[in-house]
Amino acid sequence: RPVFKGALRVAEGVLRAAFRDAHACLLRDASERSLWCWGKQAYGRLGPGTGAEETNTWPPTAMAESVGGEAVTDVVDFCLGHNHGCYIREVDGVNKTWCWGKGEAMPNGTGADQSVPTPVHTELGTPLTTPLEALACGPNHTCGLDESGQAHCWGDDASLGDGSYSATNWVVDVVMDGSSSPIPAPLVSLEAGTNYTCGDTADGTTYCWGTVGGVDSAFAVLFVPADVTPGVKETVGQCRLHDDGHVSCHGVNAVGSLAQGEIGICPDALETPTTLTDLVASKVAMSERHLCAIDADATPGEVRCWGY
């Protein structure tokens, strides 16, 4: 049972929050929808005016448009990677996307670190004009969904779903039509993890691209999306909540994060989706180093966690 010791009030009016190992951001105030961040500075990941030196920032500071500039408001969605972040902001009724942080994950065409939020760029060097509705960040890459359900990705990843095997500092379109992709309908949500991204269609079918498990019973690098998990209710990181409540996971079982009985070490990766025993879940949440689930068999919904 969770025990809170020395709990610290971070902010009021929080709409949602995102956390990484060394920094965090939250979206607050339903009227302003401003973005506030704190944590350990590096690579400009805390926003304008912060540099490469590793210093701690507290309390949370409002994300600004530029050094000493106005605070970023009207944020529709945001996500965080290891050393970067991206947000969608409504400007004059149109959604536009910016990113900041470490260069390898930046869609600025240069690969340079950037503390000031920079518009997402296309290969032509011009800002992306397609309005995005939602974002998902992996450690070093980002994907976004537009209003038609088309996915777009950028960053340092083995596969961004565009049919290639290369990183990119501009946005590319995920292959979602034609004989090379099985996706028959628009995507309605995205989930990004380490070197892979998954998306769900309205009927609950999950498609993934990048380095994923469960394809031909082993790890596979998918250059375009593939249907990997029939009967999946929800995909969270490298774990999947199935319709019957069981949870299966694949990937690196670091510090016991995949509930395989190993603690404090990094055992071999789970090459195929492995079912977590003695658990029927109604909801699952996952970070890079731990996993939590609401136990559907417990009353009134006990939360169980594993990892670091």
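When reading the values below, keep in mind they use all heavy atoms of this one structure, side chains included, and skip hydrogens, waters and symmetry mates.
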- Query: Taking NZ, NE, NH1 and NH2 as the nitrogens, is one of them in R16 or D77 under 4.0 Å from a carboxylate oxygen of the other?
  - Reply: yes
- Test side chain to side chain contact (heavy atoms under 4.5 Å, CB included), reference L135, set T142, L80, V76, output is T142
- Heavy-atom closest pair, residues P131 and V94: CG-CG1, 4.2 Å
- Straight-line distance of L46 CG to M63 CE, nearest 0.5 Å: 7.5 Å
- Item | Contacts of type side-chain contact (heavy atoms from CB on, under 4.5 Å), residue Q114, not counting sequence neighbours | M106, N108, V116, T118
- Nearest atoms (heavy-atom pairs only) where P119 meets P127: CB-CB, 4.2 Å
- Task: Find out whether T197 and H141 are in side-chain contact, i.e. whether some heavy atom of one side chain is under 4.5 Å from a heavy atom of the other.
- Result: yes
- Query: Should the pair F19 and W38 be assigned to parallel (<30°), tilted (30 to 60°) or perpendicular (>60°) ring geometry?
  - Reply: perpendicular
- Can you find a heavy atom in the side chain of E104 that is under 4.5 Å from one in the side chain of H84? no
- Query: So how far is it from D200 CG to T206 OG1, rounded to the nearest 0.5 Å?
  - Reply: 3.5 Å
- Query: Taking atom OG1 of T129 and atom NZ of K96, what is their separation to the nearest 0.5 Å?
  - Reply: 10.0 Å
- Message: Using only atom types and a distance under 3.5 Å, with no angle test, would you say the side chain of D74 pairs donor to acceptor with the backbone of V91?
- Response: no
- Give a yes/no on whether the SG-to-SG distance for C137 versus C86 is below 2.5 Å. no
- Message: What's the separation between atom CG in L26 and atom CG in L15, rounded to the nearest 0.5 Å?
- Response: 9.0 Å
- What is the minimum heavy-atom distance between L160 and G155, and which atoms define it? CD1-O, 3.8 Å
- Item | Any P107 side-chain heavy atom under 4.5 Å of W170 side chain | no
- N95 (side chain) donor-acceptor with L132 (main chain) under 3.5 angstrom: yes
- Task: Specify the closest pair of heavy atoms between A281 and A293, including all atoms of both residues, with the distance to one decimal.
- Result: CB-CB, 4.1 Å
- Taking C-beta and beyond as the side chain, do T130 and Q150 meet within less than 4.5 Å on heavy atoms? no
- Message: Quick one, E133 and I88 - any side-chain contact, counting heavy atoms below 4.5 Å?
- Response: no
- Item | Where F78 and A18 come nearest, the two heavy atoms and their spacing | CE1-CB, 3.6 Å
- Task: To the nearest 0.5 Å, tell me how far C99 SG sits from H121 NE2.
- Result: 11.0 Å
- Cluster question for you: counting only ILVMFWY and a side-chain heavy-atom cut-off of under 4.5 Å, with indirect links fine, are L27 and Y87 together? yes
- Query: Would you say the side chain of C153 lies within less than 4.5 Å of the side chain of W209, judging by non-hydrogen atoms?
  - Reply: yes
- Message: Looking at every non-hydrogen atom in both residues, tell me the closest pair between G199 and L190 and how far apart they are.
- Response: CA-CD2, 4.0 Å
- Query: Can you name the residues that form a side-chain contact (heavy atoms from CB on, under 4.5 Å) with D92, not counting sequence neighbours?
  - Reply: none
- Would you please name every residue forming a side-chain contact (heavy atoms from CB on, under 4.5 Å) with E65, sequence neighbours left out? E70, V72, R89
- Value rounded to 0.5 Å, distance of NE2 in H82 from CZ in R20: 6.0 Å
- Side-chain heavy atoms of W154 within contact of V171, under 4.5 Å: yes
- Task: Report yes or no: does D295 contribute a side-chain atom to a donor-acceptor pair with the main-chain N or O of V303 at less than 3.5 Å?
- Result: no
